[in-house]
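Before any comments, here is the structure.
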Amino acid sequence: GIGLSFVGPVAVDLEAFAGGSLRATTTTTFPTLGTADDDTLYGRRLGGRVKVKSDLIDAEGWGVDVGVAFDGSASEIPGLVRRQEAGAVVSAVVKGRAGELWGAPLVALVDADLGARIVDDVDAFLPTGSLRLGVARDGLLTFVGVTRAARAPTLDERFAPRGFVEGNPFLRPESAT
């Protein structure tokens, strides 16, 4: 991949990526689809990512950071499956001085993310979110949080053989809390 970053009052990261894969297979699961003449499964992927972040407020003792990120990609195993996916995440961090603890400044933090991803080949809408609460004292940061995440299986997990394990085209998205 190739990436560019611009830093100032607003930080912007741009990234483009491309990739491909070849995998030798002796499977007969897909005898005519997605293979070259020599039983090699091949695939390709193109995509990009944009991330923007800014310190919205940075005053004495407290601040607010906000960010937004968008990404998208297209993948395929020719003759077998095509995938298009897109995602977005909005994030915010609020931090402020919460007083003193044993003579040292205590900083409280609230860090939240909310996002979603759409993956067309598995007909999935995958929401994600997290909330973390933290305190910092003398450079030591302690967090407590909860996260809800989901992900779609990769094309390799669904279609490509790995050793003695063949891909499973019936895999569905998984989630974790």
Side-chain angles (χ1 to χ4, degrees), residues 1-56 65-93 111-132 145-177:
I2 294 177
L4 293 171
S5 291
F6 304 96
V7 179
V10 175
V12 179
D13 292 328
L14 305 172
E15 181 183 354
F17 51 87
S21 64
L22 293 173
R23 189 179 301 267
T25 177
T26 57
T27 182
T28 58
T29 306
F30 310 106
T32 59
L33 300 175
T35 59
D37 292 335
D38 62 354
D39 276 344
T40 301
L41 190 67
Y42 58 99
R44 54 184 167 238
R45 182 172 188 227
L46 297 171
R49 192 173 291 121
V50 175
K51 183 177 180 182
V52 179
K53 184 177 178 191
S54 177
D55 292 337
L56 219 100
D65 301 338
V66 294
V68 63
F70 300 97
D71 69 87
S73 67
S75 308
E76 81 170 312
I77 298 174
L80 181 60
V81 65
R82 284 184 168 202
R83 167 180 285 183
Q84 295 180 11
E85 59 185 303
V89 175
V90 176
S91 60
V93 177
D111 183 354
D113 296 325
L114 186 60
R117 175 161 230 79
I118 297 172
V119 184
D120 71 343
D121 69 304
V122 290
D123 295 323
F125 174 77
L126 308 170
T128 62
S130 66
L131 177 64
R132 292 174 293 281
V146 63
T147 299
R148 169 83 171 145
R151 78 169 190 92
T154 66
L155 292 183
D156 265 1
E157 291 170 337
R158 291 184 61 213
F159 298 103
R162 280 172 253 121
F164 295 107
V165 180
E166 291 190 17
N168 181 351
F170 302 106
L171 286 176
R172 302 297 306 156
E174 57 191 9
S175 63
T177 300

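In this chain, residues are counted from 1 in sequence order.
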Next item on the list: Ignoring hydrogens and angles, tell me if any N or O in the side chain of R83 forms a donor-acceptor pair with the backbone of V119 under 3.5 Å.
Entry: no
Next item on the list: Would you indicate whether the side-chain heavy atoms of R158 and D121 approach each other to under 4.5 Å?
Entry: yes
Check: Hey, are D71 and R117 close enough for a salt bridge, meaning a charged N less than 4.0 Å from a carboxylate O?
Finding: yes
Checklist line | Nearest heavy atoms of V122 and P173, plus distance in Å | finding: CG2-CG, 4.1 Å
Notebook entry, point to check: What distance do Q84 atom CD and E76 atom CD have between them, rounded to the nearest 0.5 Å?
Noted result: 10.0 Å
Next item on the list: Give, for atom CG of L171 and atom OG1 of T154, the distance between the pair rounded to the nearest 0.5 Å.
Entry: 8.5 Å
Check: Near F170 CZ, under 6.0 Å, is it more than 12 heavy atoms from other residues, nucleotides or ligands?
Finding: no
Notebook entry, point to check: Is the shortest side-chain N to carboxylate O distance from D111 to R132 below 4.0 Å?
Noted result: yes
Check: Counting only N and O atoms by type, is there a donor-acceptor contact under 3.5 Å from the side chain of D65 to the main-chain atoms of V93?
Finding: no
Item checked: Taking every non-hydrogen atom, the tightest pair across G48 and F17 -> N-CE2, 3.6 Å
Item checked: Nearest-0.5 Å distance that lies between atom CG in L126 and atom CD in E174 -> 10.0 Å
Next item on the list: Please test D120 against R82 for salt bridge (charged side-chain N to carboxylate O under 4.0 Å, His left out), starting from the C-alpha separation and ending with a verdict.
Entry: CA-CA 9 Å; D120 71 343; R82 284 184 168 202; over 6 Å; no
Item checked: Validation row: R49, S73 side chains within 4.5 angstrom (heavy atoms) -> no
Note to self: Could you report the tightest heavy-atom contact between T128 and A150, atom names first, then the distance?
What the structure shows: CG2-N, 3.9 Å
